[in-house]
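Taking it in order: structure first as structure tokens, then the write-up.
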Amino acid sequence: MTLCNFRKGGGAERLFIMKKKLSTICGFIERHSIIVCVILGIIENFVIEALSRRSIPEAFSHLVTSPTVFFYNSLIIIFTLSLCLLFRRRIFGIFLFSLPWLLCGLINNAVLSYRVTPLGAIDFQVVKMSLILVYLTKVQRIMLYVAAGLVVVLVVVLWIVGPKISGKLNFGRNIATIVGLLAAVLVATNLGLSYHTLSNRFGDIVGAYKDYGFAYCFSSSVLDSGIDKPSGYSEAMVRAVTDTLRPAEEPVGEEELPDELSEELPDETLKPNIIMIQLESFLDPNLINGAKFDENPVPVFTYLKENYTSGELHMPSYGGGTANSEFEVLTGMSMEPFGSGEYPYKTIMLEVPCESIAFNLKELGYGAHAIHNHTGNFYDRDKVYPNMGFDSFSSIEYMDNIERTSFNWCKDKILTGEILKAIDTDTEHESKFVWAVSVQGHGKYPEEPIEDLELAVHMKRGIFTDERTSQIEYYSNMISEMDTFVGDLISQLEERGEPTVLVLYGDHLPSLEFTTEEMGLGDVYTTEYVIWDNIGLEKQPRRRLEANLLSSYVTGLLGFNNGTINRFNQLHQTDADYEQKLELLQYDALYGNHYGWPTPDYYQRSDMRMGTVPITIDYVTLVGDNLYVSGSGFTEKSRIFINGDQKTKTQRLSSTCVTLSKVNLDKGDVISVGQASSKREILSYTNEIIYGAQPVAVQEPAEDSMDEAELAMDEETEAE
């Protein structure tokens, strides 16, 4: 009994001591909240920098070597934490405003494990559930969901039971403190920009995060987007630039062309098919300094470089940012004037049609078709491509017989058939422009060999760490398969004999944390391009281009000079004030009054079709309570819709038939098929059939038909 009393007394005493300590802490926070914010802001900034640099010593080195930048970033966090002064539950407020910074730091650390480009605000718009499924294991996904749930619970608990400040809040003083800290941030920012301690132009976004700190760079990506209005912007200013360009109808004078364009040009009436392929993370592995392979991973690409026009491309990003490389090549515009970490595909390109190589070629009578063997809504391509003039867009939801890599990316060899299909099915236009974006080379890359994966190319061991060797070896085998795809495509193009120009280039280097010293091309922002043709184009001297000049270079070789930005790039790329004038034209095209084009509405959003060929329904059949929908073009992503309700249990029996079991139809029910990018987003729908108003075959269950449907259902269940 005595022992029990002692234990009870001891427990009560410890509880009393804990409450007293908690009360003391709360009292200190209540009296000295701003001091707490300052201390926590500095600590949080150090933690975030350590996560961003993936190294505590490097974070400490940043503090020692760049103390001004470090404490400026701390000031940004301190300002956000000071918003807790508006809360009576002060601990809840501090936790609430600390949480976003810590989460961003953790997410950035995770992002940097599979790509080189750090986290930006735009990533929260780009991310799709499909990417989470690709990058995270099942255990990691469960941990993510549990962690998110715990955070929500903790926020709610702190709001309910968190201690409150006693007495009346002095809102006037607290708001004055917050405003004062905001003013300090603004003044420090202006001083930093004036003395070049900071920069608002992130040409090298990876380097910017290291030089200027995560808090500043991420905040810039939140607040800074678009292109600033040029000083003195007016019609006269734009005309001063465009008046230097000859009308598209006037022949190009050789004296105005860059050296490589002054050679004899092809017959101006020749309009070959033009195919441009952006190869995901493509790099000739032979250019990795120190890497040795038992055979050349890219024999086709090597042959093309030796025998056709080729060169280097300076890309706007490294290890990621595919859409920005794509934007530069398609539009001829530069990413330099845009906000830090911005993706125009997620901002202005959703709203404004603008000049692109697709629009320029359509003016010359071309049809324009886009292809991508990944989801159609990623980077909102399904919404952006119409603003670039494409007539059709075939994404993975419209493809059949898909083969995937060990990390579930679609293999690029499927693009051969899709490219040829786009050319063959466009009977309206004699010449076709096909834009294809590949995906096979995408990370992540395994740090250990994958069991049962047969490798065609092997890498010499002992040069790099085992983990890095496994990554580069896997990557090189993916690139080797992409090289084989290119060879197969060229073989088929040669066999067809149609006049064709094929442009190939890498969108950025892979996310393998290469250093400049490891890159045979000179830096980590450089990839390569080659231009194959069967029309007798003369091989040009190897040349380094900015990515936004590639399309102008290709069209210049063919003698095509229409389009304001296209023509400007062809004529003025070497001018001392080229970048300033290009920025003016970009602002005018995307945000201004379109003074540089014939009319303000010169480019109209195209009525783009999803899929190279339409997916259609011919008729539906009821077999007992099983619905069979017959038509053409069905894929694994085809879903039956009844009265607008998506039926996710749709089974695809073939490209001409999809089925659904346990169906009850009433007269007037509307039946269609949609191509599902996700449960919530449907890329396109077929024509509709109204039950009872159109012929619908009704049959008694046939044993063979039922067996086929049941087998398909069993296979689907096993797959799930």
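These numbers come from a predicted model, not from an experiment.
Between Ser632 and Thr616, the side chains place a donor N or O and an acceptor N or O closer than 3.5 Å (distance only, hydrogens not considered). With 3.5 Å as the limit, one finds no donor-acceptor pair spanning the side chains of His594 and Asp588. A donor and an acceptor atom, one from each side chain of His508 and Ser317, are nowhere located under 3.5 Å apart. Ser334 and Gln586 share no donor-acceptor pair across their side chains, judged by distance under 3.5 Å alone. Looking only at atom types and distance, the side chain of Thr322 has a donor-acceptor partner in the side chain of Glu280 under 3.5 Å away.
Taking the side chain as every heavy atom from C-beta outward, Ile371 and Val434 approach each other to under 4.5 Å. Between Thr331 and Ile565, every side-chain heavy-atom pair lies at or beyond the 4.5 Å cut-off. Annotation: side chain of Val629 is not in contact with side chain of Ile689 (no heavy-atom distance under 4.5 Å). You'll find the side chain of Ile107 stays beyond 4.5 Å of the side chain of Cys104, heavy atoms only. Residues Leu590 and Met349 meet the side-chain proximity criterion, which asks for heavy atoms closer than 4.5 Å. Glu355 is not listed as a side-chain neighbour of Tyr602, based on a closest heavy-atom distance of 4.5 Å or more. Under the 4.5 Å side-chain criterion, counting only non-hydrogen atoms from C-beta, Leu550 is in contact with Met276. For the pair Ile671/Glu688, no side-chain contact is recorded, criterion being any heavy-atom separation below 4.5 Å from C-beta on.
Ser638 approaches Val658 most closely through the heavy-atom pair CB-CG1, 4.2 Å. Smallest separation of non-hydrogen atoms from Cys410 and Ile396: CB-CD1, 3.7 Å. Closest approach of Asn687 and Ile617 over heavy atoms only: OD1-N, 2.8 Å. The two residues Gly441 and Ser281 have their closest heavy-atom pair at O-CB, 3.5 Å. The heavy-atom pair separating Leu96 from Pro100 by the smallest distance is O-CD, 3.0 Å. Contact record, Tyr385 with Met608: CB-SD, 3.6 Å, taken as the closest heavy-atom pair.
Remark: side-chain polar atoms of Ser221 are paired, donor with acceptor, to backbone N or O of Phe218 under 3.5 angstrom. Using a distance-only test at 3.5 Å, with no hydrogens or angles considered, a donor-acceptor pair links the side chain of Thr500 to the main chain of Glu498. A donor-acceptor distance shorter than 3.5 angstrom exists from the side chain of Tyr475 to the backbone of Leu283, with no hydrogens or angles considered. In this structure, the side chain of Asn324 does not engage the main chain of Pro316 through any donor-acceptor pair within 3.5 Å. Listed for the Asp507 side chain is no donor-acceptor partner under 3.5 Å among the backbone atoms of Ser325. Side-chain atoms of Thr656 do not come within 3.5 Å of backbone N or O of Ser630 as any donor-acceptor pair. Side chain of Ser672 to main chain of Thr686: no donor-acceptor pair is present (N/O by atom type, distance under 3.5 Å, no hydrogens or angles). Looking only at distances, a side-chain donor or acceptor of Tyr445 sits under 3.5 Å from a matching main-chain atom of Gly443. In terms of modelled atom types and a separation under 3.5 Å, the side chain of Asp412 and the main chain of Val439 share a donor-acceptor contact. Asn548 places no side-chain N or O within 3.5 Å of a backbone atom of Glu328 that could act as its donor or acceptor partner.
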| message | Apply ring-ring contact (aromatic ring centres under 6.0 Å, His included) to residues Phe407 and Tyr474 and explain how you reach the verdict. | response | CA-CA 11 Å; Phe407 291 96; Tyr474 174 85; 5.5 Å; yes
#### Entry: Worked check of side-chain hydrogen bond (donor to acceptor under 3.5 Å, both in side chains) between Asp400 and Ser655
CA-CA 8 Å; Asp400 215 350; Ser655 62; 5.2 Å; no
- Query: Can you list the steps and then say if Tyr366 with Phe433 is a ring-ring contact (aromatic ring centres under 6.0 Å, His included)?
  - Reply: CA-CA 6 Å; Tyr366 278 75; Phe433 169 59; 7.6 Å; no
For this session: Apply side chain to side chain contact (heavy atoms under 4.5 Å, CB included) to the pair Asp380 and Lys346, showing each step before the final yes or no.
Result: CA-CA 7 Å; Asp380 285 326; Lys346 301 297 293 186; 2.8 Å; yes
query: Would Asp488 and Lys413 count as a salt bridge (charged side-chain N to carboxylate O under 4.0 Å, His left out) if you check the C-alpha gap in whole Å, the side-chain angles of each, and the deciding distance to 0.1 Å?
result: CA-CA 8 Å; Asp488 291 342; Lys413 64 182 181 179; over 6 Å; no
Decide side-chain hydrogen bond (donor to acceptor under 3.5 Å, both in side chains) for Gln675 and Tyr398; before the verdict, give the C-alpha distance in whole Å, the side-chain angles of both, and the deciding distance to 0.1 Å. CA-CA 7 Å; Gln675 296 304 111; Tyr398 299 83; 5.6 Å; no
- Message: For Ser438 and Gln278: C-alpha separation, side-chain torsions, deciding distance, then whether side-chain hydrogen bond (donor to acceptor under 3.5 Å, both in side chains) applies.
- Response: CA-CA 6 Å; Ser438 90; Gln278 177 170 281; over 6 Å; no
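At most 12 non-hydrogen atoms from other residues, nucleotides or ligands lie less than 6.0 angstrom from CG of Asp607. The environment of CZ in Arg680 is sparse: at most 12 heavy-atom neighbours from other residues, nucleotides or ligands sit within 6.0 Å.
By the side chain to side chain donor-acceptor pair (under 3.5 Å) test, Lys383 pairs with Glu681, sequence neighbours left out. Every residue meeting the side chain to side chain donor-acceptor pair (under 3.5 Å) condition with Ser395, not counting sequence neighbours, appears here in chain and number order: Glu397.
In summary, Asp424 and Lys432 do not engage in a salt bridge, as defined by a charged side-chain N under 4.0 Å from a carboxylate O. The pair Asp391-Arg609 fails the salt-bridge criterion, with no side-chain N (NZ, NE, NH1 or NH2) lying under 4.0 Å from an Asp/Glu carboxylate O. No salt bridge links Arg639 with Asp645; every basic N to acidic carboxylate O contact stays at or beyond 4.0 Å. Taking 4.0 Å as the cut-off between side-chain N and carboxylate O, Lys411 and Glu481 count as a salt-bridged pair.
Taking OG1 of Thr635 as the reference point, atom CG of Asn401 lies at 10.5 Å (rounded to 0.5 Å). Interatomic distance, Ile274 CD1 to Thr555 OG1, rounded to the nearest 0.5 Å: 7.5 Å. The structure places OG of Ser392 at 10.5 Å from NZ of Lys421, a figure rounded to the nearest 0.5 Å. A distance of 4.5 Å separates OG of Ser394 from CD of Glu418, quoted to the nearest 0.5 Å.
In summary, the aromatic rings of Tyr529 and Tyr505 are positioned with their centroids too far apart to meet the 6.0 Å limit. Ring centroid separation for the pair Tyr619 and Tyr628 does not come in under the 6.0 Å cut-off.
The aromatic rings of Tyr603 and Phe359 sit tilted, their planes meeting at an angle between 30° and 60°. Under the 30°/60° scheme for interplanar angles, the aromatic rings of Tyr343 and Tyr379 are found to be tilted.
Evaluated for a side chain to side chain contact (heavy atoms under 4.5 Å, CB included) with Ile277, the options Phe485, Phe282, Trp435 yield exactly one hit, Phe485. Between Val663 and the choices Val620, Ile640, Asp669, Leu627, the side chain to side chain contact (heavy atoms under 4.5 Å, CB included) rule is met once, by Leu627.
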